[in-house]
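As structure tokens, the structure follows; a few thoughts come after it.
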Amino acid sequence: MNDKLKPDNANVAVIGAGYVGLVTGVCLAKLGHEVVLIDIDEDKIQAVNHKKAPPIYEEGLEELLGQVHIEASSDYRKMMGSDIIYICVGTLADDSGNIFSEHLIDATRKIAEVLKERDSYYVVAVKSTVGPGMTEELVIPILEASGKKAGSDFGVCMSPEFLREGQAIYDFMNPSRIIIGEYDKRSGDILCSIHESLNAPILRTNLRTAEMIKLATNAFLATKISFINEIGNICKQLGIDTYDVARGMGMDDRIGSKFLSAGIGFGGSCLPKDIRILVSGAKQAGYQPEFLEEISTLNEKQALKPVALLKKHITLKGATVGILGLAFKPGTDDIRDSRAIIIVQALLDEGASVSAYDPLAVDNFRKLFPGIDYVSTEEVLSCDAILILTEWPEFYDLDYRGKIVIDGRRIEKAREARIYEGVCW
Ligand code: UDX
């Protein structure tokens with residue numbers, strides 16, 4: 001293989017058609033690369049090959065899928081001619097941050113199995129979020145079990161993604177930077193060449209540093225949120241508006257205004273998990289990461305504040321409580337580690353009945369809470385009290401007059417309520 005791939009015409013295989021894999025595959029196809037998507041889930045394969053609604057909700061993904069040529073298959077041999085093989089399988093983690101690496105191991109074994117027949121050079125690039133050292137200590141040994149040698153027969157990279165749900169296509173096409181952890185220069189050169197058309201700064205480093213950049217980046221975003229929530233809790237005691245404080249802080253370019261929106265805390269499939277992975281990795285390395293652990297602890301406590309505030313105003317036992325927002329953030333149907341899960345459970349434990357509304361996430365939430373009512377915004381507003389848990393745009397136009405509202409996401413219009421409390425303002 002020529003080590004300088006054409007920036008708009010490489011053969012790329014993407015293993016795993018989940019959130020990261022699908023967005024990565026479709027965007028690389030949009031950049032002109034020949035992409036084959038490999039997954040074990042036939043439904044996902046059919047959806048992609050028939051240009052049907054992708055198996056995940058992501059703004060603009062269905063349209064983009066309709067515009068590009070991309071093939072999906074469960075047959076790993078389809079990647080025999082690929083120059084670059086991205087591993088984008090899911091790496092969930094348990095509550096202690098131990099990664100379920102089964103999918104990663106399985107995919108890597110299948111790659112090694114297929115490519116042991118291959119004579120020409122190729123690069124395997126890990127894009128899944130992994131613990132520090134996993135590419136060197138887990139992925140490479142499995143690939144080399146094929147008898148091939150890293151460095152000579154194949155190259156290895158670790159190139160994390162920083163995609164936000166709801167803005168993933170924009171984030172892929174307009175990255176603030178591209179991180180390329182490389183086994184050697186040859187591996188890195190090849191991965192660089194297919195990103196040239198994105199005109200973004202590229203940081204080349206080694207494999208485990210790239211892994212840590214991903215984890216530390218998400219941990220820092222979570223730190224900003226837990227920090228502003230702690231400041232918010234203090235401000236609320238002192239009658240100071242946290243959002244004014246955040247505006248003043250954010251004007252300092254050493255701090256920046258992003259990720260300073262105080263509220264009920266962070267959720268989603270990444271921030272909570274990546275902190276757990278980092279904490280677990282640190283402990284395995286013999287370091288007690290007290291600060292990082294505290295970020296998660298505060299985040300869990302923060303989610304329960306709306307229930308505590310509500311109890312100041314009504315008796316929960318036998319009350320009907322309305323919920324506005326179930327998704328972990330607006331723009332997605334994803335409820336993974338959504339703060340609404342903790343809050344709804346706490347309300348049910350207190351003997352309240354819950355009526356909830358969300359424009360996209362009801363089907364997912366119903367799988368966890370089949371016993372609560374899923375209603376319209378009007379019906380939520382007719383409950384004894386209302387909790388706002390996700391800042392969907394439509395909530396900025398509702399009529400809150402005469403209501404009891406605990407606001408977890410700073411919906412200014414809700415201040416017109418008879419009783420209004422911000423969770424930390
Ligand atoms: C995050 C990272 O942003 C992304 O770079 C990475 O690749 C994956 O994880 P995502 O999980 O989509 O992306 O969510 P994000 O937009 O980061 O929000 C995470 C959580 O933090 C949400 O629950 C959101 O409501 C909360 N949040 C965000 C705040 O509470 N305050 C803020 O100021 C920003």
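Just follow the structure's listing: the first ligand is 1, and inside any ligand the first atom is 1. Only heavy atoms go into these numbers, but all of them, side chains included; no hydrogens, no water, no symmetry mates.
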Protein contact to [atom] [nearest heavy atom, distance to 0.1 Å]:
| atom | answer |
| --- | --- |
| atom 31 (N) of ligand 1 | S261 O, 2.9 Å |
| atom 27 (N) of ligand 1 | I225 CD1, 3.5 Å |
| atom 5 (O) of ligand 1 | F162 O, 3.0 Å |
| atom 7 (O) of ligand 1 | L163 O, 2.9 Å |
| atom 1 (C) of ligand 1 | L271 CD1, 3.4 Å |
| atom 14 (O) of ligand 1 | K329 NZ, 3.4 Å |
| atom 17 (O) of ligand 1 | F259 CZ, 3.2 Å |
| atom 3 (O) of ligand 1 | R164 CG, 3.3 Å |

Quick check on contacts: which atoms of ligand 1 are under 4.0 angstrom from a heavy atom of [X]?
| X | value |
| --- | --- |
| L260 | 33 (O) |
| C270 | 8 (C), 9 (O) |
| E161 | 7 (O) |
| K214 | 6 (C), 7 (O) |
| N218 | 2 (C), 6 (C), 9 (O) |
| F266 | 20 (C), 21 (O), 23 (O), 26 (C) |

Under 3.5 Å, is there a donor-acceptor pair between the [X] and [Y] side chains?
| X | Y | value |
| --- | --- | --- |
| Y19 | E165 | no |
| N233 | Q237 | no |
| T320 | D384 | yes |
| T377 | E394 | no |
| N229 | S226 | no |
| E412 | Y243 | no |
| E378 | S382 | no |

Taking a cutoff of less than 4.0 Å between a non-hydrogen atom of the residue and any ligand atom, is G265 in contact with ligand 1? yes
Does E300 form a side-chain hydrogen bond (donor to acceptor under 3.5 Å, both in side chains) with T297? I'd like the steps, not just the answer. CA-CA 5 Å; E300 295 312 302; T297 307; over 6 Å; no
Looking at I341 and F369, what are the two nearest heavy atoms and their distance?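 Smallest interatomic distance, heavy atoms only, reads O-CZ, 3.6 Å.
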Flag [X] as yes when one of its N or O atoms lies below 3.5 Å from any N or O atom of ligand 1, and as no otherwise.
| X | value |
| --- | --- |
| G267 | yes |
| F328 | yes |
| E165 | yes |
| R409 | yes |

Atom OH of Y183 and atom CD1 of I140: how far apart are they, to the nearest 0.5 Å? 6.0 Å
Approximate separation, where rounding is to 0.5 Å, of C424 SG and I231 CD1: 10.5 Å
Evaluate the side-chain proximity of L381 to K403: yes if any heavy-atom separation is below 4.5 Å, no if none is.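 A side-chain contact under 4.5 Å exists here.
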